[in-house]
Amino acid sequence: MKIATFNVNSINKRYELVQKWINSNSIDIICLQELKTTKEFSLLNECFISNQKQFNGVATCSIFPIQASKTLYPARAIYTKINNIHIINIYAILGDLYSEKFEKKLNFYNQIIKFISKFDLTKEKLILLGDFNIIHKNIDVFDANQWEGHVTFLPEEREIMNQLLSLGLYDSYRELYPNKKEFSFFEYRDKKFERGLRLDYILVTKPILSKIENIYIDINPRHLSTPSDHTPVVMDINDR
DNA sequence: ATGGCTAAGATACTTAGA
């Protein structure tokens, strides 16, 4: 079973690209961020969506029935239960440097942590994925020295990621590939793909981690015409 | 070192992204 996270930066602009990418990669569950519209759309068999006009917006779409669903934070965080797996899809607030928005970002994560803490993370199958707008470690940024002091890479943000992992979540990509320096985001202005960031993560509990067959960041969509500035992360798990 | 781009919404410029 393949589950993916993809910040599409407008589903209006990217609908065909996303649809084709889902088909060519045989994706079963896709978690989208930055829909940027309230316009209706459908992908796979069914979607659970929380959106708003112009900004933000998240959707989880699946070929399997969505057994339960809940909005945790409007247009930014949704919970779905699919194949008895708890899936939390987030588009974290970016925040400005130590501003009111930064406080909101910390508060956003506190709400997420509070929600996932209700689950027994040693036993439950749970996936927390999406655009975290956090760079965890030096290897997750093109140049740690150059990016120091920038929002996404502040000590408080890196500590949030530490906190999530201390709860019993694992960074699936990093668990499988401790030394790979690949990124899920490049600014549009960075035409040479020299200044990448890893902002999109798939965190999983141990019962999921042990079933991972493959995980990859697919850079290919980033090279298509009118791409998103993010590129998808895909996890293949053995669900037999 | 700077500026470089893209998208949405309301109108040709602003806000936001990170």
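To find a chain, count down the sequence lines: A is the first, B the second, and so on, and within it residues start at 1.
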Review point. What's the CG-P distance between A:Asp200 and B:dG17, to the nearest Å?
Key: 15 Å
Review point. Between B:dG3 and B:dA7, how far is it from one P atom to the other, in whole Å?
Key: 22 Å
Exercise for review: Select one nucleotide: of B:dA8, B:dC5, B:dA18, the one nearest the side-chain heavy atoms of A:Glu34.
Suggested key: B:dA18
Exercise for review: Examine distances only and state if a side-chain atom of A:Tyr188 and a backbone atom of A:Asp229 form a donor-acceptor pair shorter than 3.5 Å.
Suggested key: yes
Practice item. Check whether any side-chain nitrogen or oxygen of A:Lys53 sits under 4.0 Å from OP1 or OP2 of B:dA10, and answer yes or no. Key: yes
Review point. For the side chain of A:Thr152, counting heavy atoms from C-beta on, which of B:dA7, B:dA18, B:dA8 is nearest?
Key: B:dA18
Revision key, fill the gap. Per nearest nucleotide of DNA chain B, the residue lying toward the 5' end, A:Lys191 or A:Asn133, is A:Lys191
Practice item. Answer yes or no: does a side-chain N or O of A:Arg195 lie under 4.0 Å from OP1 or OP2 of B:dG4? Key: no
Exercise for review: Please state how far atom CZ in A:Phe55 lies from atom P in B:dA18, giving the value in whole angstrom units.
Suggested key: 12 Å
Review point. Rounded to whole angstrom units, what separation is found between the CD atom of A:Glu187 and the C1' atom of B:dT6?
Key: 11 Å
Check your understanding: Between B:dA10 and B:dT14, how far is it from one C1' atom to the other, in whole Å?
Key -> 9 Å
Review point. B:dA18 and B:dA8: how far apart are their P atoms, nearest whole angstrom?
Key: 14 Å
Check your understanding: Quick one: A:Gln146 CD to B:dA1 P, roughly how many Å, whole number?
Key -> 9 Å
Point to revise | Side chains of A:Asn25 and A:Tyr216, donor plus acceptor under 3.5 Å | key: yes
Review point. Starting at CG of A:Leu32 and ending at P of B:dA7, how long is that distance when rounded to a whole Å?
Key: 16 Å
Exercise for review: Consider only side-chain N and O atoms of A:Arg158 and A:Asn138, and report whether a donor and an acceptor are under 3.5 Å apart.
Suggested key: yes
Check your understanding: Mapping A:Lys13 and A:Asp131 to their closest nucleotides on DNA chain B, which lands nearer the 5' end?
Key -> A:Lys13
Check your understanding: Taking the same atom, P, in B:dT11 and in B:dC5, what whole-Å distance lies between them?
Key -> 26 Å
Revision key, fill the gap. Atom CZ of A:Phe185 and atom C1' of B:dT6 are separated, to the nearest Å, by 11 Å
Exercise for review: Just compare B:dG9, B:dG17, B:dA18 and give me whichever is closest to any side-chain atom of A:Gln54.
Suggested key: B:dG9
Review point. Between A:Glu157 and A:Lys105, is there a salt bridge with N-O shorter than 4.0 Å?
Key: yes
Exercise for review: Determine the Euclidean distance between corresponding P atoms of B:dG17 and B:dT2; express it in Å to zero decimal places.
Suggested key: 23 Å
Review point. Just by distance, do the side chain of A:Asn133 and the backbone of A:Ala92 share a donor-acceptor pair under 3.5 Å?
Key: yes
Check your understanding: Is any side-chain N or O of A:Thr37 closer than 4.0 Å to OP1 or OP2 of B:dA8?
Key -> no
Practice item. Nearest whole angstrom, please: distance from the P of B:dG17 to the CG of A:Leu35. Key: 15 Å
Check your understanding: Are OP1 or OP2 of B:dA18 and a side-chain N or O of A:His230 less than 4.0 angstrom apart?
Key -> yes
Review point. B:dC5, B:dA16, B:dA18: which one has an atom nearest the side-chain heavy atoms of A:Tyr188?
Key: B:dC5
Point to revise | Polar side-chain atom of A:Asp28 near backbone of A:Lys2 as donor-acceptor pair, under 3.5 Å | key: yes
Check your understanding: Please give, in whole Å, the distance from B:dA10 P to A:Lys36 NZ?
Key -> 15 Å
Check your understanding: B:dA18 phosphate, OP1 or OP2: any side-chain N/O from A:Tyr91 under 4.0 angstrom?
Key -> yes
